[in-house]
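Presented below is the structure to which this report refers.
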Amino acid sequence: MHDRLTNWNGVPRVRLATLATPLERGPLVPGGVRLWVKRDDLTGLGMGGNKARKLEFLCGDAMANGADALVTVGAGQSNHCRMTAAAGSLLGCETHLVLAGDRPARLEGNQLLSDRFGAHLHFTGAGPAEWGVLEIERERLTDELTAAGAHPYSIPIGGSTDVGALGYVVAYDEIVEQCADSGFVPEAIVFTSSSGGTHAGLVAGRAARRARGLAHPPVVAIGVAKGVVAGFPDVAELATGALRRAGLAGEVRPDDVEVDARWLGADYAIPTAASEAAATWAAHHGAWVLDGVYTAKGMAGFLGNAAESRWPAGSNVVWIHTGGQPEVFVSHG
Ligand SMILES: *Cc1c(COP(=O)(O)O)cnc(C)c1O
């Protein structure tokens with residue numbers, strides 16, 4: 001397991017993801033913008049997704065602290081929990097997942113995979129958006145494991161800490177450099193946001209490049225959970241924490257943080273007409289597979305902003321595909 005341990009700017013990092021992920025040239029979309037898709041659904045770890053990048057730093061921190069177990073928490077169909085289970089399997093760490101909902105008669109999607117990776121699934125009966133209840137249960141379970149003599153590393157929802165955000169500080173550089181290789185500076189980088197860690201990392205990565213006088217395109221988060229559209233967590237604070245942890249120069253400005261809240265619909269994980277249309281559009285225009293909880297709403301947000309002519313015709317915009325495919329195969333109702 002320790003052959004995977006390395007460091008980035010002095011911060012411990014375990015190599016778990018297959019990087020760099022591809023940057024694909026997509027079509028011109030209504031509004032005249034060229035779409036580029038950053039394939040972070042192809043990070044590899046346990047079927048991929050954005051959490052692999054965060055887990056490289058979270059598990060690095062866990063190893064550096066001598067942890068022998070991982071604990072985390074999420075919605076019933078949490079991609080973050082599934083990828084944490086995959087990381088635990090690779091690192092030989094017992095993994096505990098605190099999940100919303102009740103144990104179904106038959107495990108599906110992310111739960112099926114988490115179970116196959118050998119994680120312990122703890123069903124709480126909590127509603128899918130009751131994140132406070134879930135976090136309290138995570139803390140209780142962490143204390144219980146500690147009392148039993150284990151050394152658990154406990155990860156908040158979505159892995160969205162200043163440590164986890166470092167994964168997207170790295171990704172921001174990767175994206176801007178791949179765009180430069182293709183001969184352009186993107187007009188914006190758009191992505192789906194829920195627990196805020198991806199957003200914080202991108203904002204920090206941008207601030208670090210700005211401080212070095214390099215190209216630093218703005219980032220636009222499409223919010224798909226009530227918390228993040230209401231300003232929780234504080235993305236600027238998380239981003240500043242990530243910069244300080246890696247010893248990077250850079251200041252986060254209040255207007256660096258933008259969450260477009262118009263694509264959430266009724267609530268987290270409830271589809272909208274626009275998200276269903278976006279999933280079909282993506283399947284037809286690039287064979288991209290989007291999930292209903294996250295990326296379909298994120299793509300709806302990208303297409304909606306482009307159609308409103310937010311970016312000049314002929315410009316290039318990167319949309320990050322953050323993963324989520326296991327949810328596509330889950331039966332609803
Ligand atoms: C977790 C997740 C997101 C949101 O990332 P955060 O860092 O939690 O904001 C987006 N898309 C998918 C598929 C995810 O699993």
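Note that the structure is predicted; figures quoted are calculated from it, not measured.
- Within a 6.0 Å sphere centred on CD of E24, other residues, nucleotides and ligands contribute more than 12 heavy atoms.
- With 3.5 Å as the limit, one finds a donor-acceptor pair spanning the side chains of D41 and Q325.
- Residues forming a side-chain contact (heavy atoms from CB on, under 4.5 Å) with L42 (at least two apart in sequence, or on another chain): P22, R39.
- Checked for salt-bridge contact, R253 and E258 miss the test: no charged N lies under 4.0 Å from a carboxylate O.
- Contact of the L97 side chain with the H122 side chain is not registered, since no non-hydrogen atoms from C-beta on lie closer than 4.5 Å.
- Between L45 atom CG and T18 atom OG1 the span is 8.5 Å, to the nearest 0.5 Å.
- Ring-plane geometry between F302 and W311 is classed as parallel, the angle between the planes falling under 30 degrees on a 0 to 90 degree scale with a further cut at 60.
- For the side-chain contact (heavy atoms from CB on, under 4.5 Å) with L290, the qualifying choice from E276, H321, E327 is H321, the only one to do so.
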- Item | Test side chain to side chain contact (heavy atoms under 4.5 Å, CB included) applied to Y172 and I189, step by step | CA-CA 9 Å; Y172 185 88; I189 299 172; 3.7 Å; yes
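- Using a 4.0 Å cut-off between charged nitrogen and carboxylate oxygen, E308 and R262 count as a salt-bridge pair.
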Validation: residues 64-71 side-chain donor-acceptor distances under 3.5 Å, sequence neighbours left out:
from: N65; atom 1: ND2; to: D61; atom 2: O; distance (Å): 2.7
from: N65; atom 1: ND2; to: D61; atom 2: OD1; distance (Å): 3.2
from: D68; atom 1: OD1; to: H151; atom 2: N; distance (Å): 2.7

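- Atom CG of residue L238 and atom CG of residue L243 lie 11.0 Å apart, to the nearest 0.5 angstrom.
- A cation-pi arrangement is present between R53 and Y168, with the terminal nitrogen or guanidinium carbon under 6.0 Å from the aromatic centre and inside a 45° cone about the axis.
- Side chains of T198 and N50: a donor on one and an acceptor on the other come within 3.5 Å.
- In this structure, R116 places its CZ atom where only 12 or fewer heavy-atom neighbours from other residues, nucleotides or ligands lie under 6.0 Å away.
- Across F123 and G101, no two heavy atoms sit closer than the pair CB-O, 3.4 Å.
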- Message: side chain to side chain contact (heavy atoms under 4.5 Å, CB included) for V190 and V317? Distances and angles first, verdict last.
- Response: CA-CA 7 Å; V190 184; V317 174; 3.7 Å; yes
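- Here the options are R244, K54, R245, the test is salt bridge (charged side-chain N to carboxylate O under 4.0 Å, His left out), and the partner is D162; only R245 passes.
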- Item | salt bridge (Lys or Arg N to Asp or Glu O under 4.0 Å) between R210 and E251, worked out | CA-CA 9 Å; R210 182 168 59 204; E251 297 304 325; over 6 Å; no
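- Considering all non-hydrogen atoms of both residues, D102 and G125 come closest at OD1-CA, 3.3 Å.
- Cation-pi check for K51 over Y294 is met; the charged atom lies under 6.0 angstrom from the ring centroid and within 45 degrees of its normal.
- Taken together through direct or relayed side-chain contacts under 4.5 Å among Ile, Leu, Val, Met, Phe, Trp and Tyr, M299 and V228 form parts of separate hydrophobic clusters.
- Judged by distance alone, the side chains of E139 and S154 never bring a donor and an acceptor atom under 3.5 Å apart.
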- Should D40 and T21 be marked as a side-chain hydrogen bond (donor to acceptor under 3.5 Å, both in side chains) after you check the CA-CA gap, both sets of side-chain angles, and the distance that decides it? CA-CA 6 Å; D40 271 12; T21 56; 2.7 Å; yes
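- Identified under the ring pair (Phe, Tyr, Trp, His ring centres under 6.0 Å) test for residues 199-239, with sequence neighbours left out: F191-H199.
- Side-chain N/O atoms of K297 and T192 include no donor and acceptor closer than 3.5 Å.
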